[in-house]
Amino acid sequence: MMAEYAAPRGTRDILPAETQKWQYVESVFRDMCALYGFEEIRTPTFEHTELFVRNLGETTDVVSKEMYNFETKGGRKLTLRPEGTAPTVRAYVTHNLGAVLPVNKVYYIARIFRFERPQAGRYREHTQLGVEVFGSIDPALDAEVISFAAGFFREVGIDQFELKLNTIGCPKCRPEHRKALLDFVESRLGDLCETCRDRYERNPLRMLDCKEERCQAALTDAPVMIDYVCEECRDHFAKVRAYLTEMAIPFVLDNKLVRGFDYYTKTAFEFVSGELGAQNAIGGGGRYDNLVEEIGGAPTPAIGFGLGLDRLLLTLDAMQVQLPLQPRNAVFVAGLGEAGHEAAVKTVCGLRKNGVAADMDYTGRSLKAQMKVANKLGARFVVIIGDDEIAGDTVTLRDMSSSEQKSLPTSELVEYIKSR
RNA sequence: GCGGGAGUAGCUCAGUUGGUUAGAGCGCCAGGUUGUGGCCCUGGAGGUCGUGGGUUCAAAUCCCAUUUCUCGCCCCA
C-alpha cells in the first residue's frame, strides 16, 4: 500500500470528486467578477525574488522565511509567487495598463507557494482568488471591493463570517503613530515576547496584533492608528464605513488589525470564519496606494482582495453546505458481444459529433456490469445494442431515472436524445 | 524552527495480558437474471500490519531508531 512516491509535504492531489467543487466555486467567482467588471489576468508562477523582497517587506514572515527561492543557471534569483498582488502590480506596470484605461479592474485565480509547516487549512501550495483595482482613491471603491467579497461569500453559501475593518494610515501619518507607539512600549519592553522585542526595532506596527497574551495585556492601551491618522485618511475611512453601512454590510472595527505585508495603506480588512480551526482567515485585503509607484509605475492608488480557495472549500464542508453541482447527464452506450461493441463505438462517435456527451465500456463486461457502471457514472440514458438491435437496425434506449425502455431506429437516436 | 497525536485491505477502522491461516463495514469483482443499474442475497479478490533494528520459543502487539501523515505554536489564505 505504501506507494513509492507521495505528493510533497504541504501539497495534495485534488481528485475528480473534489475538482467539481473547485470548478463550481471558481465559476461563481468568475460570474461575480463579470458582474462587477473585473477581467482576468494571468501572471507567471514565479517572479524575480527582488519583487517580493522589496515590496512585501524584508521583515515580514513571508519574505524572511517562507519563500520558495531558486536560481537559474545564469544566477538570476527567482521565487515562486507567495502572494498575488505584487505580480499583478508588476504586470500592470510592465504593460502600462494605466495608459489604456483610467481604472483597471482585474481578477486572478492563482497557485500560491509558501514554505510553512502544513496544518489544517494551511498548505505549501494553495490557491487564491483575488481582485485588484488600479487608478482611483475613491472610498466607494474600497466599499465595492469589500461588498464584492462579502457578496461572493454569501453567493457561494457562506453566511457566517465576520468582517474586520481597520485603517492603517499612510506614509504621512504613520510616523507620528509609530513614534507614539514606540514611546508607549519603551517602558514595557520587558513585558513583551521575544518576537515583539524584535518587532519593536524592525516592524513596530506588528506588535499590535501579536497573539501572545502577555503582549496583548501589555499593549491594551497602546496608541492605535485610528487616533493618529491624518485628515485625509480619517476622512477616507469614515466614508468607507458610511458606504458599507449604506450597503448593509456588517463589519467590526478592529483597531489592532494589521495586514501581513508592508505595502498596505489606509483601509485594511479581513474575513474570518469560525468554522476553521486555527486558520480562521478566509480572505483579506486592503489599499496599497504607493505600491504601483514603488514598483516603477506612475503614482496610482489601488486596492485589492484575496481569498483562499482551499480554506473556503474546507469552510463549506464544515458548514455542510450542499453545492448545486450539475449531474453529468450523459449517455452510456452498452454493446453486447463483438458486433455490439463495434456498433457502440460508432454510436458513441455519432453522439459526440452531435454534441451529446457519451461514453461506453472498453473492458468487455456483461450487460449487467455495464449497467452498473452507467448507473455509477450518473448516465441519464443507456443505449443498448446487441444482436437483436443490429438485426433490425434499431437501438434500445433506457431512461435511467424512470427505468422506461423503448426501441427506436438507429437513425433517430441522436435526434430523440437531443429533444429530451 | 518548536510541541502533541497517528501509521493494519482502495476508504474508515477493530485487533482483548505478545500465541496457529490478521478481521469488520463500505468499495471493488463475479453469481443469483443464456441481454438490463439502484435494493437484497451468496461467493471472491485484495494486506511483506510505514521502514530498519532489538527483546522473545513466538511481535501488528513490548523497546529503540527512522520516516511519512496529522494537529497545534509562530504567521498567514
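Note on naming: letters A, B, ... go to the chains in the order of the sequence lines (proteins, then strands), and numbering restarts at 1 for each one.
- Between A:Arg81 and B:A77 there is no side-chain N or O to OP1 or OP2 distance below 4.0 Å.
- Remark: A:Arg42 engages A:Glu40 in a salt bridge (Lys or Arg N to Asp or Glu O under 4.0 Å) (not counting sequence neighbours).
- Near RNA chain B, meaning a heavy atom under 4.0 Å away, there are no residues from residues 337-349 of chain A.
- One finds no side-chain N or O of A:Gln119 lying less than 4.0 angstrom from the OP1 or OP2 phosphate oxygen of B:U70.
- Listed by chain and residue number, A:Arg202 satisfy the salt bridge (Lys or Arg N to Asp or Glu O under 4.0 Å) test with A:Asp198 (two or more places apart in sequence, or in another chain).
- B:U61 is unpaired under the criterion used here, namely a Watson-Crick or G-U wobble arrangement in which both key atom distances are under 3.5 Å.
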Heteroatom pairs (N/O) under 3.5 angstrom, protein to nucleotides 2-6 of chain B:
{"residue": "B:C2", "atom": "N4", "partner": "A:Arg117", "partner atom": "NH1", "Å": "2.9"}

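- Judged as a salt bridge (Lys or Arg N to Asp or Glu O under 4.0 Å), and not counting sequence neighbours, A:Lys77 has no contacts.
- B:C74 is unpaired under the Watson-Crick or G-U wobble criterion, no partner having all donor-acceptor distances under 3.5 Å.
- No contact: A:Glu83 has no heavy atom under 4.0 Å from any strand.
- Qualifying side chain to side chain donor-acceptor pair (under 3.5 Å) partners for A:Thr60, counting only residues two or more places apart in sequence or in other chains: none.
- The side-chain hydrogen bond (donor to acceptor under 3.5 Å, both in side chains) contacts involving residues 390-400 of chain A comprise A:Glu389-A:Thr396, A:Asp393-A:Thr410, A:Arg398-A:Gln405, A:Asp399-A:Ser401, where partners must be two or more places apart or lie in separate chains.
- Proximity of A:Arg398 to the phosphate of B:G37: no side-chain N or O atom is located under 4.0 Å from OP1 or OP2.
- Rounded to a whole angstrom, the distance from the C1' atom of B:G7 to that of B:U51 is 11 Å.
- B:U42 sits 13 Å from B:A24 when the P atoms are compared, rounded to a whole Å.
- Here the separation of B:U56 from B:C64, taken at their C1' atoms, is 16 Å to the nearest Å.
- Scanning residues 250-265 of chain A for heavy-atom distances under 4.0 Å to RNA chain B yields A:Arg259, A:Gly260, A:Phe261.
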Using a 4.0 Å heavy-atom cut-off to protein, can you give one letter per nucleotide of nucleotides 27-34 of chain B, 5' to 3': B if the base is in contact, S if only the sugar-phosphate is, - if neither? -SSS-B--
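- With both ends at atom C1', the span from B:C49 to B:A60 equals 5 Å, rounded to whole Å.
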A correct 5'-to-3' footprint of nucleotides 41-46 of chain B, with B, S and - meaning base, sugar-phosphate only and no protein heavy atom under 4.0 Å, is ------
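- Separation of the P atoms belonging to B:G46 and B:A9 is 15 Å when rounded to the nearest angstrom.
- Every residue was checked against the salt bridge (Lys or Arg N to Asp or Glu O under 4.0 Å) condition with A:Glu83, not counting sequence neighbours, and none meets it.
- Counting non-hydrogen atoms under 4.0 angstrom, A:Asp388 reaches a base of the nucleic acid.
- Proximity of the aromatic rings of A:Phe332 and A:Phe381 is defined here by a centroid distance below 6.0 angstrom, and this criterion is not met.
- Applying the side-chain hydrogen bond (donor to acceptor under 3.5 Å, both in side chains) rule to pairs touching residues 367-388 of chain A yields nothing, sequence neighbours excluded.
- When ring centroids are compared, A:Tyr107 and A:Tyr36 stay outside the 6.0 Å threshold.
- Comparing the same atom, C1', in B:A30 and in B:U68 gives a spacing of 37 Å after rounding to whole Å.
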